[in-house]
Student: 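Before anything else, here's the structure in question.
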There are 2 protein chains.
Amino acid sequence: MREMFLMTPALEKPRLSIRDVAKRANCALGSASKVLNGSLEVSPAMKKRVLKAMEDMGYVPNRHARNLKSGRTYRLGLLMPFASDLYYATLLDAFNETVMETNYRLDVQLHRWIEKEEDVAIRYFVESGMEGVILHPCRTNYENVANIRLLEQYRIPCVVMGPQGICNLPDTVFRGMQDLASGMELLVKHLASLGHRKIALLLPASSSKQLGMHERLDGAKRGVASYQGVKLEVIYMRAGSDNVPSQKDFKTYGISITDYQDYVSKLVKKFLSQKKGVTAAITVNEITAWMLITALKEGGFRVPEDFSVATLGLSNTEHFGGFPLTMAEYSPMDIAQCALDALLKKIEPTLVPPSLVVRRSSAPVCFSSPGQPEEPQNNNKHERQQT
Amino acid sequence: MREMFLMTPALEKPRLSIRDVAKRANCALGSASKVLNGSLEVSPAMKKRVLKAMEDMGYVPNRHARNLKSGRTYRLGLLMPFASDLYYATLLDAFNETVMETNYRLDVQLHRWIEKEEDVAIRYFVESGMEGVILHPCRTNYENVANIRLLEQYRIPCVVMGPQGICNLPDTVFRGMQDLASGMELLVKHLASLGHRKIALLLPASSSKQLGMHERLDGAKRGVASYQGVKLEVIYMRAGSDNVPSQKDFKTYGISITDYQDYVSKLVKKFLSQKKGVTAAITVNEITAWMLITALKEGGFRVPEDFSVATLGLSNTEHFGGFPLTMAEYSPMDIAQCALDALLKKIEPTLVPPSLVVRRSSAPVCFSSPGQPEEPQNNNKHERQQT
DNA sequence: TTGAAAGCGATACCAA
DNA sequence: TTGGTATCGCTTTCAA
């Protein structure tokens, strides 16, 4: 088996050209090309002859030659950090699925949160003649990043995904993103309507690199505003690095999931003992929600009977974790379609709205719960206002 | 913002060629090319001049032209079903990471378990001049699949990942895979050594499409063979389709994770009541393990105190789920390296061995556990044999 | 309808 | 060392 590659027996010329096809079909090179491109100005007879020749010989056209000559690639570049990250993986599939319905194909590159790799990938996209680029940015500031200007120079439309706060992007770049504020608002209102009066917000520790925090908090406040007596407990999480571990943190800081679980467990203990009366929590993503549920269960709490959990997230991600979550969900397909429309139809993207999906992790507050033993109010459930 | 694309103001020629560079650097086209390719036969002065010209103009070479002329692409194709699947996502990152350490780049395509898309992707790889292809196959039989023969015809080395049983592949194709049997053996021995005497094996329902079943069962039997009195309870799982839901099943059959969770819960109830004495289970993958743990907890069992769970899986996947699992782990990087060596160095791949990593989901059997109330043996823990 | 020829943007050979 | 030129495989225009 191995020898096959080393010896390469003299079968036939490995690379066939359209010349060979024309020769075999006994026609001119140009005619063969026309058949290949589905041109109407070839006779059916000729077409059949050429097609047969191609089939017989196992002819495969050379994309590089075609692209070079035609100036078109029908390829869209997608640049994201990792694939083995619930969020990005889900988006990747959605982008692929959406693009597959068009004439285009996706060229996926991963920057692994390494700036240099982002630069290289962008350049690669330009070199390869992408007709559009979807970028999940590695940086928050593109002030002196030369390569991103190449997209402008070479007239390659680009959508940058992610929350607000990324600055110094070229003017020609579109921005697409999720409406995080509305997501938080939905969740807070949902929990409040179930009778929860003290809701914990587990947010990543604020840092200059952390994007979207502002939107999230604003949304939560909006949600609270329409309910009397509901309070938010904002808890900033730090775990190893100064944030909720992302795939990046796991790699960079060598944090293990066990460390993170322990951290969440401690956090749970703390906010259930100190901040009395918390009966529900909203997490920043699904992973943290699952961790939280595990921690709660280890602490003797039942979910959702004693404590409700909800989170922001993408639809179709529930098959990953260990517990069906109540979520404010953003449709990955909507996000993908939005980005694609921007690239292909030059439509300015709008914020993708969330929708609330209630699953097993949230339930009406229970007054005998261990979470709030000292607040035996009995009017919570009916005090709530309408959305 | 939108207008920028539509109007394309007459700045400069969008696409610069090496001709333009040569003109600006006041030299011959050939010299500029040599600088681009780091050839040593250009004077430092000339090199500097050309480099500056390129920099100033924002020149980006055309990959298609280079590939066409040089006949090389330094690209490797990776074809897999989905990205948003714990297993494949993890492998994708590993492949990317491994390839990035070479001169090559990865071209990722997804077939979504659609045979047609597999065919198109393979053809796309041939058209694009991939120098190697890693294939996570869509089919189990390649008898009449023409496109896979193109890889042979065009001398593109190919590694097919996956368990044995895939047939009618060209002789020139390498096969790479994990040593599933040894993984099962490790897990069974581990659980047996903890004193478990009745171990459930949660396997996908046998079907012609299900690969690797044989290896798994064989391995488990090997593990049992070295322990006296240990028994396996093989449980074939069916959920909607006739198998453990994969990403494919979720899409095809519209199974929701809640359905699956309910299914696993029922299964748990059944095998804990009927097959008395089961105190541990081995699942087919992490997702099922997490589901099982959730079901057990809902049934009032503590994990691992009352019941141990272990599974086969890839390393570095623990950050997904809600519970740290004891696993027979295969290193994604090893798998990737193995495949890469096959493509680049033409080394026949060998089975990638697993290693046992004990985490929170397994523990010594506890005799007061609800799982086996009627078998009060007290010599289990010391009866075990050496590995 | 068909065929001949120019040219896409690079590489690489060979003469200067 | 440098410069000119043929060539890679295809698309496309234009003349026959």
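Letters A, B, ... are given to chains in the order of the sequence lines, protein chains preceding strands, and every chain is numbered from 1.
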Student: Does a salt bridge link B/Asp107 with A/Arg105, judged by any charged N lying under 4.0 Å from a carboxylate O?
Tutor: no
Student: What is the distance, to the nearest angstrom, from the OH atom on A/Tyr59 to the P atom on D/dG9?
Tutor: 10 Å
Student: Five pairs at each end of the helix from C/dT1-D/dA16 to C/dA16-D/dT1: take the axis at both ends and give me the angle between them to 10°.
Tutor: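 Nearest ten degrees gives 40° for this helix.
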Student: Partners of A/Lys52 by salt bridge (charged side-chain N to carboxylate O under 4.0 Å, His left out), sequence neighbours excluded?
Tutor: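 Expected list: A/Asp56.
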Student: Is A/Asp93 reaching over with its side chain to a backbone N or O of B/Ala83, donor-acceptor style, under 3.5 angstrom?
Tutor: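 Yes; judged by distance alone, with no hydrogens or angles, the pair exists.
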Student: Could you tell me whether B/Glu131 and B/Arg75 have a side-chain N and a carboxylate O separated by less than 4.0 Å?
Tutor: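 No salt bridge links B/Glu131 with B/Arg75.
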Student: Per the atom types in the model, does the base of C/dG7 pair as donor or acceptor with the side chain of A/Lys69 at under 3.5 Å?
Tutor: yes
Student: Counting N and O atoms only, with roles assigned by atom type, does the side chain of A/His111 sit under 3.5 Å from a partner on the main chain of A/Phe82, one being a donor and the other an acceptor?
Tutor: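 Not confirmed, A/His111 side chain does not pair with A/Phe82 backbone.
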Student: Figure out the CG/C1' separation between B/Leu68 and C/dT11, and round it to whole Å.
Tutor: 10 Å
Student: Rounded off to whole Å, could you give me the NZ-to-C1' distance for the A/Lys48 and C/dT2 pair?
Tutor: 20 Å
Student: Report, one pair per line, the protein and nucleotides 1-3 of chain D atoms (nitrogen or oxygen only) whose separation is under 3.5 Å.
Tutor:
residue	atom	partner	partner atom	Å
D/dT2	OP1	B/Ser43	OG	2.8
D/dT2	OP2	B/Ser43	N	2.9
D/dT2	OP2	B/Ser43	OG	3.1
D/dG3	OP2	B/Ala28	N	3.0
D/dG3	OP2	B/Ser31	OG	3.3
D/dG3	O6	B/Lys34	NZ	3.2

Student: Centres of the A/Tyr74 and A/Tyr104 rings: under 6.0 Å?
Tutor: yes
Student: Can you tell me the distance, in whole Å, between the CZ atom of B/Arg19 and the P atom of D/dG4?
Tutor: 11 Å
Student: Whole angstroms only, please: what is the CG-P distance between B/Leu16 and C/dC8?
Tutor: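 Atom-to-atom, B/Leu16 to C/dC8, this comes out as 14 Å.
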Student: With a 3.5 Å cut-off and no angle check, do the side chains of A/Gln153 and B/Tyr59 form a donor-acceptor pair?
Tutor: no
Student: Rounded to the nearest Å, what distance is computed from the CE atom of residue B/Met54 to the C1' atom of nucleotide C/dG9?
Tutor: 12 Å
Student: Is there a donor in the side chain of B/Asn141 and an acceptor in the side chain of B/Asn168, or the other way round, less than 3.5 Å apart?
Tutor: yes
Student: How many whole angstroms separate atom CG of B/Asn62 from atom P of C/dG7?
Tutor: 18 Å
Student: Are B/Glu118 and B/Tyr142 close enough that a side-chain donor and a side-chain acceptor fall under 3.5 Å?
Tutor: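 Yes - a donor-acceptor pair under 3.5 Å links their side chains.
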Student: Establish, with yes or no, whether the OP1 or OP2 oxygen of C/dA10 is under 4.0 angstrom from a side-chain nitrogen or oxygen of B/Ser33.
Tutor: no
Student: Without decimals, in angstroms, what is the distance between B/Ile18 CD1 and C/dC8 C1'?
Tutor: 14 Å
Student: Establish, with yes or no, whether the OP1 or OP2 oxygen of C/dA10 is under 4.0 angstrom from a side-chain nitrogen or oxygen of B/Asn67.
Tutor: no
